[in-house]
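Encoded as C-alpha cells, the structure appears first; notes follow it.
For ligands, and for the atoms within them, numbers begin at 1 and follow the listed sequence.
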Amino acid sequence: MNKKLMVGNWKMNGSLAANESLIKALLAGLSAPACQVALCVPAVYLAQCQALLADSVIELGAQDVSEHETGAFTGEISAAMLREFGLRYVLVGHSERRQYHSESDAVVAAKAQRALACGMTPIVCVGETSAEREAGQTEEVVKRQLAAVIHANGHCISEMVLAYEPIWAIGTGKTASPEQAQQVHALLRAQLEAASKQADRVHILYGGSMNAANAAQLLAQPDIDGGLVGGASLKALDFLSMMASVR
Ligand code: 13P
C-alpha cells in the first residue's frame, strides 16, 4: 500500500475568494505531507483550483462525471472534459448523488468506467442508511454496491479508490466507531481481493463526520487507508491537523 490518501470533498460549498484563501492556507501548512492529498471541488471551480494547485502536493478531483461519453445530455460533464483540467480523481456514487439524483448501482459502475477510460481514478463511494444498518443489512448493501462496480470494471479495479461512507454518519456528527468502520473495510477488502490479485493497491477511505478529533483513531485501523472528508475539509486548520495525524 502506498501512503494513505486524504481527500477533501467540498460538496456545494466555496466561492472564488473562499477557495483561494482555503487552498493558500492548505499549501502554506503542507510542505511534505506524510499522506497523499486531493481536493474534490465543484466543477465550475476546476480551472481556478487547477491554477492554484499547479506544481503542488495536492491533487485535483471532481465530484461527479457523466456516464455518457458525449452528446445531448444538458448539464452533464464528461470524463474527457474533466480530464482537460488535469484531474487525477473523480468521486462516483456519492450517497448524495445516489439519494438526490437516483443514481443506481449500474449508473455508478458506468461512471467509474468512464473515469478509468479517460485516465482518472474514480473514488467509488458505498455505504448503508441507518435503517439498513439497524436491519442488519450493512454487509449486503455495501457488497451489492461494490459488486456492480467490479462487474463492470473487473480488470481495472486495482486502479480505483473505494470509500466507505455510512450515510448515517455523513454530516451528522455521528462517526462510525473505529471498530465499526474497520469491520466494513475488512469485508470490502476481502471482496476486492477475491476479484483482483492487485487489490492491495486499492485505498479504502472512510468518510462520515471525520474530524480533527477522531481522525487519528480511525486512520490507525489496519484497513482504513485514508479519509474522505466533507465539512472538516473546508477549515484549513482542521484538515491540516487531520493530515498531520496520518502515520
Ligand atoms: P462529512 O465529513 O461532512 O460528514 O461528509 C462526509 C462526506 O460525505 C464526504 O464525501
- Under 3.5 Å, is there a donor-acceptor pair linking the side chains of Q63 and H94?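 Result is no, nothing qualifies.
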- Message: Is a donor from one side chain sitting under 3.5 angstrom from an acceptor on the other, for D223 and Q182?
- Response: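 Present: a donor and an acceptor within the cut-off.
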- Task: Could you tell me whether L228 approaches ligand 1 through its side chain, its backbone, both or neither, with non-hydrogen atoms closer than 4.0 Å?
- Result: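 Both backbone and side chain of L228 come within 4.0 Å of ligand 1.
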- Message: Do the side chains of D200 and R189 get close enough for a salt bridge, i.e. N-O under 4.0 angstrom?
- Response: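 Judged by the 4.0 Å cut-off on N to carboxylate O distance, D200 and R189 do not form a salt bridge.
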Closest protein heavy atom (residue, atom, distance) for [atom]:
| atom | value |
| --- | --- |
| atom 9 (C) of ligand 1 | E165 OE2, 2.8 Å |
| atom 3 (O) of ligand 1 | G231 N, 2.9 Å |
| atom 5 (O) of ligand 1 | K11 NZ, 3.2 Å |

- Message: Looking at ligand 1, is there an atom of it that comes within less than 4.0 Å of some heavy atom belonging to S209?
- Response: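 Yes; S209 lies near enough to ligand 1 that a heavy-atom distance drops under 4.0 Å.
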- Below 4.0 angstrom from a heavy atom of G208, which ligand 1 atoms are there? Numbered from 1 as shown, please.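 Every atom of ligand 1 under 4.0 Å from some heavy atom of G208: 4 (O), 6 (C).
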- Would you check whether V229 has a nitrogen or oxygen atom less than 3.5 angstrom from a nitrogen or oxygen atom of ligand 1?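 It does not: no N or O of V229 is found under 3.5 Å from an N or O of ligand 1.
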- H68 NE2: over 12 foreign heavy atoms closer than 6.0 Å: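 Yes, NE2 of H68 has more than 12 neighbouring heavy atoms, counting only those of other groups under 6.0 Å.
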- Query: Can you name the side chain to side chain contact (heavy atoms under 4.5 Å, CB included) partners of S102, sequence neighbours left out?
  - Reply: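 With neighbours one apart ignored, the set is empty.
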- Item | Selection from G207, G230, S95 by shortest heavy-atom distance to atom 2 (O) of ligand 1 |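 When every heavy atom of G207, G230, S95 is considered, G230 comes closest to atom 2 (O) of ligand 1.
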- Message: Can you list everything that forms a salt bridge (charged side-chain N to carboxylate O under 4.0 Å, His left out) with E128? Sequence neighbours excluded, please.
- Response: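 Listed in chain order: R133.
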